[in-house]
Number of protein chains: 2
Amino acid sequence: MLIETPGRDTASLFAALGDRTRLSLLTKLSDGQTRSIAGLSAGTDLTRQAITKHLRVLEEAGLVISSKVGRESQFAFRPEPIDDIRAYLDSVSQQWGDALSRLRAFVKT
Amino acid sequence: MLIETPGRDTASLFAALGDRTRLSLLTKLSDGQTRSIAGLSAGTDLTRQAITKHLRVLEEAGLVISSKVGRESQFAFRPEPIDDIRAYLDSVSQQWGDALSRLRAFVKT
DNA sequence: ATAAAACGCAACTTCCTGGTTGCACTTTTC
DNA sequence: GAAAAGTGCAACCAGGAAGTTGCGTTTTAT
């Protein structure tokens with residue numbers, strides 16, 4: 001059987017999560033509450049602009065969605081891409097598990 | 001309840017996976033077979049050195065382990081960190097799920 | 001109607017990343 | 001023992017990422 005090469009978007013997904021600030025933003029938003037940029041910047045030692053950039057990265061990865069409400073733009077968590085990541089982890093884990101099984105069978109012989 | 005901020009190493013784990021080349025290397029190695037740098041470089045359009053650098057990144061993240069055997073260094077998949085990633089995804093998903101539950105309960109009232 | 005809040009855009013800086021090349025070193029192989 | 005295979009190390013380069021500052025625009029509040 002062919003080894004399935006992971007899609008390019010899977011890598012970008014991981015890359016979007018590969019930053020402490022973004023990870024923390026996503027963790028906050030995962031409680032289902034919608035937050036503005038100012039709200040997400042409060043309590044951070046970063047600039048509002050920096051937070052904005054990170055949010056755009058998360059949005060491009062599909063992990064977050066934004067909509068303008070009045071003068072502020074609200075961001076919300078979007079869980080769908082998480083499944084893609086799980087799918088990759090599962091495929092890797094399964095291959096690894098299969099290898100272990102074969103190894104055990106071989107040793108027992 | 002406090003929102004648990006993800007550890008800094010979780011971010012580096014994601015970062016290590018946030019590259020197509022590294023993702024592909026890890027996918028190959030996840031079949032349990034040990035491979036040399038030359039073996040992993042074969043079939044790639046990249047230099048052996050580039051592959052080496054990627055392998056070092058994976059190794060620092062703990063996703064791979066290496067050992068010198070004669071003149072070549074063998075790399076093997078290391079599944080433990082995968083659980084850390086799953087743990088993060090689960091925590092995020094659970095928070096999200098809880099939020100949905102509360103929302104449904106509220107609407108039904 | 002003014003002031004303040006919340007944001008977008010753009011320029012700029014700094015640092016990291018992905019990648020290459022060149023060379024030296026150690027093991028194998030013939 | 002000489003050639004070839006497999007690496008490691010260091011320098012170097014281009015481009016992208018993270019972050020800041022400055023300024024203009026649109027809403028909201030007083």
| field | Donor-acceptor contact present, side-chain Arg78(B) to main-chain Gly62(B), <3.5 Å | value | yes
| query | Are Leu29(A) and Val57(A) grouped together when hydrophobic residues (ILVMFWY) are joined by side-chain heavy atoms under 4.5 angstrom apart? | reply | no
| Roughly how many Å is it from CD in Gln74(B) to P in dG8(D), rounded to a whole number? | 11 Å
| query | Roughly how many Å is it from CD1 in Ile37(B) to P in dT27(C), rounded to a whole number? | reply | 15 Å
| remark: Assign each of Lys68(B) and Ala15(A) the nucleotide of DNA chain D bearing its closest heavy atom; nearer the 5' end lies the nucleotide of Lys68(B)
Could you give the side-chain donor-acceptor pairs of residues 64-73 of chain A under 3.5 Å, partners two or more places apart or in another chain?
residue: Ser66(A); atom: OG; partner: Glu59(A); partner atom: OE2; Å: 2.8
residue: Glu72(A); atom: OE2; partner: Gln74(A); partner atom: NE2; Å: 2.9

| request: Round to the nearest Å and state the distance from Leu25(A) atom CG to dA18(D) atom P. | output: 12 Å
| Polar side-chain atom of Thr27(A) near backbone of Leu23(A) as donor-acceptor pair, under 3.5 Å | yes
| task | Grab the CG-P distance between Leu40(A) and dA5(C) for me, whole Å please. | result | 18 Å
| said: Contact list please: residues 43-56 of chain A against DNA chain C, heavy atoms, distance less than 4.0 Å, in numerical order. | reply: Arg48(A), Gln49(A), Thr52(A), Arg56(A)
| task | Look at the side chain of Thr47(A) and the backbone N and O of Ala50(A), then say whether any donor-acceptor pair between them is shorter than 3.5 Å. | result | no
| query | CZ of Phe75(B) versus C1' of dG8(D): gap in Å, rounded? | reply | 11 Å
| request: Check for a donor-acceptor pair, side chain of Thr52(B) on one end and backbone N or O of Arg48(B) on the other, with a separation under 3.5 Å. | output: yes
| note | Ranking dC7(C), dA18(D), dA6(C) by distance to the side chain of Arg22(A), first place goes to dA18(D)
| message | Can you measure Arg71(B) atom CZ to dT27(C) atom C1' for me and round it to whole angstrom units? | response | 6 Å
| Contact under 4.0 Å: Thr21(B) side-chain N or O vs dG18(C) OP1/OP2 | no
| query | Between dA17(D) atom P and Asp19(A) atom CG, what is the distance in whole Å? | reply | 12 Å
| field | Rounded interatomic separation in angstrom, taking CG from Leu23(A) and P from dA18(D) | value | 13 Å
| query | Between CD1 of Ile51(B) and CD1 of Ile37(B), what distance do you get to the nearest 0.5 Å? | reply | 9.5 Å
